[in-house]
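Notes follow the structure.
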Amino acid sequence: MSVRVARAAWARDWGAGCRRGASNFPLPPPGAVNVAELLRDATAAEEGPREAAARRRPPGQCSVLLFPGQGSQVVGMGRGLLGYPRVRELYAAARSVLGYDLLELSLHGPQEALDRTVHCQPAVFVASLAAVEKLHHLQPAVIENCVAAAGFSVGEFAALVFAGAMEFSEGPAVPPEEFLQVSLQTHQDAAG
């Protein structure tokens with residue numbers, strides 16, 4: 001089910017609940033636009049029932065990736081990922097962006113240094129994308145059948161990179177050397 005179809009179904013059901021008096025929300029004034037009908041009409045215009053059914057896959061053939069956030073860092077993270085292609089390239093790119101050896105810090109610590117926000121967010125971000133590289137080699141169908149990606153905290157950035165909405169070393173309108181710092185600043189602003 002596409003997101004638009006799901007939203008339209010939710011809106012239709014919510015609207016029906018209001019008409020039955022199942023909610024405390026007042027009924028819209030006479031002549032007001034019915035949002036549920038607009039959504040239903042827009043969805044029907046985009047795809048017919050046969051087209052939607054043909055694209056629908058059973059739940060067992062879909063996957064969703066959820067990326068971890070700050071707090072999941074641990075000394076030694078990434079060690080089991082180094083044998084997969086492109087993982088060392090990810091860490092090399094991080095080194096050029098950050099100016100220090102993130103792989104060395106991730107593998108050998110100390111934990112106190114890795115726990116600092118300035119280090120743990122890039123470490124979790126890079127390790128998450130390295131884990132995707134491993135998943136791609138061990139179970140490529142999981143990657144091919146992925147219908148959604150999300151993340152906690154800095155994991156949101158890993159989800160965006162995985163989805164192709166942002167490049168690893170550069171964000172939209174952000175120079176590569178500032179990309180990881182932007183994620184750090186965003187997190188600090190939200191926490192502050």
Side-chain angles (χ1 to χ4, degrees), residues 1-3 6 57-192:
M1 176 183 291
S2 77
V3 172
R57 292 181 281 178
Q61 294 178 359
C62 299
S63 59
V64 174
L65 295 183
L66 182 60
F67 294 92
Q70 183 173 347
S72 59
Q73 70 278 358
V74 63
V75 171
M77 61 192 257
R79 185 179 319 272
L81 305 172
L82 294 174
Y84 294 93
R86 297 185 52 217
V87 170
R88 289 194 184 268
E89 292 175 32
L90 288 171
Y91 281 101
R95 182 179 190 156
S96 70
V97 169
L98 297 169
Y100 63 88
D101 192 347
L102 182 64
L103 179 59
E104 176 67 24
L105 180 61
S106 296
L107 293 178
H108 303 292
Q111 186 68 46
E112 297 80 33
L114 187 59
D115 285 342
R116 285 192 294 235
T117 302
V118 70
H119 296 135
C120 74
Q121 288 190 346
V124 170
F125 172 76
V126 174
S128 295
L129 295 175
V132 169
E133 185 67 20
K134 177 180 179 179
L135 184 61
H136 175 72
H137 287 278
L138 295 180
Q139 297 179 346
V142 172
I143 302 294
E144 294 165 8
N145 294 323
C146 186
V147 295
F152 295 106
S153 180
V154 74
E156 295 174 36
F157 289 94
L160 287 169
V161 170
F162 170 76
M166 161 182 300
E167 293 293 324
F168 171 77
S169 62
E170 61 185 9
V174 177
E177 60 275 359
E178 294 178 18
F179 173 69
L180 293 174
Q181 286 81 7
V182 167
S183 69
L184 174 63
Q185 185 62 44
T186 301
H187 181 72
Q188 286 175 343
D189 289 346

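Atoms considered below: every heavy atom in the structure, side chains included; atoms not considered: hydrogens, waters and symmetry mates.
Residue Q121 holds its CD atom at 9.0 Å from CD of Q73, rounded to the nearest 0.5 Å. With values rounded to the nearest 0.5 angstrom, F157 atom CZ is found 13.5 Å from F67 atom CZ. We find the OG-CZ distance between S72 and F152 to be 10.0 Å, quoted to the nearest 0.5 Å. Taking CD of E89 as the reference point, atom CG of L129 lies at 13.0 Å (rounded to 0.5 Å). Interatomic distance, K134 NZ to Q139 CD, rounded to the nearest 0.5 Å: 10.0 Å.
For the residue pair G69 and S153, the shortest heavy atom distance occurs at CA-CB, 4.1 Å. Nearest heavy-atom pair across F162 and A149 is CD2-CB, 3.8 Å. For the residue pair M77 and A127, the shortest heavy atom distance occurs at CE-CB, 3.6 Å. Shown here for V75 and Q111, the closest heavy-atom pair between the two residues is N-OE1, 3.0 Å. Taking both residues in full, the closest heavy atoms of A113 and H119 are given as O-ND1, 2.8 Å, listed atom of the first, atom of the second, then distance.
Contacts of V87 classified as side-chain contact (heavy atoms from CB on, under 4.5 Å), with partners at least two apart in sequence or in another chain: L81, L82, Y84, Y91, A130, E133.
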Exercise answer: donor-acceptor pairs, residues 98-110 side-chain atoms, under 3.5 Å, sequence neighbours excluded:
{"unit_1": "Y100", "atom_1": "OH", "unit_2": "V118", "atom_2": "O", "d": "3.4"}
{"unit_1": "D101", "atom_1": "OD1", "unit_2": "L103", "atom_2": "N", "d": "3.2"}
{"unit_1": "D101", "atom_1": "OD1", "unit_2": "E104", "atom_2": "N", "d": "3.2"}
{"unit_1": "S106", "atom_1": "OG", "unit_2": "L102", "atom_2": "O", "d": "2.9"}

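At a threshold of 4.5 Å between non-hydrogen side-chain atoms, the residues V161 and V132 do not count as touching.
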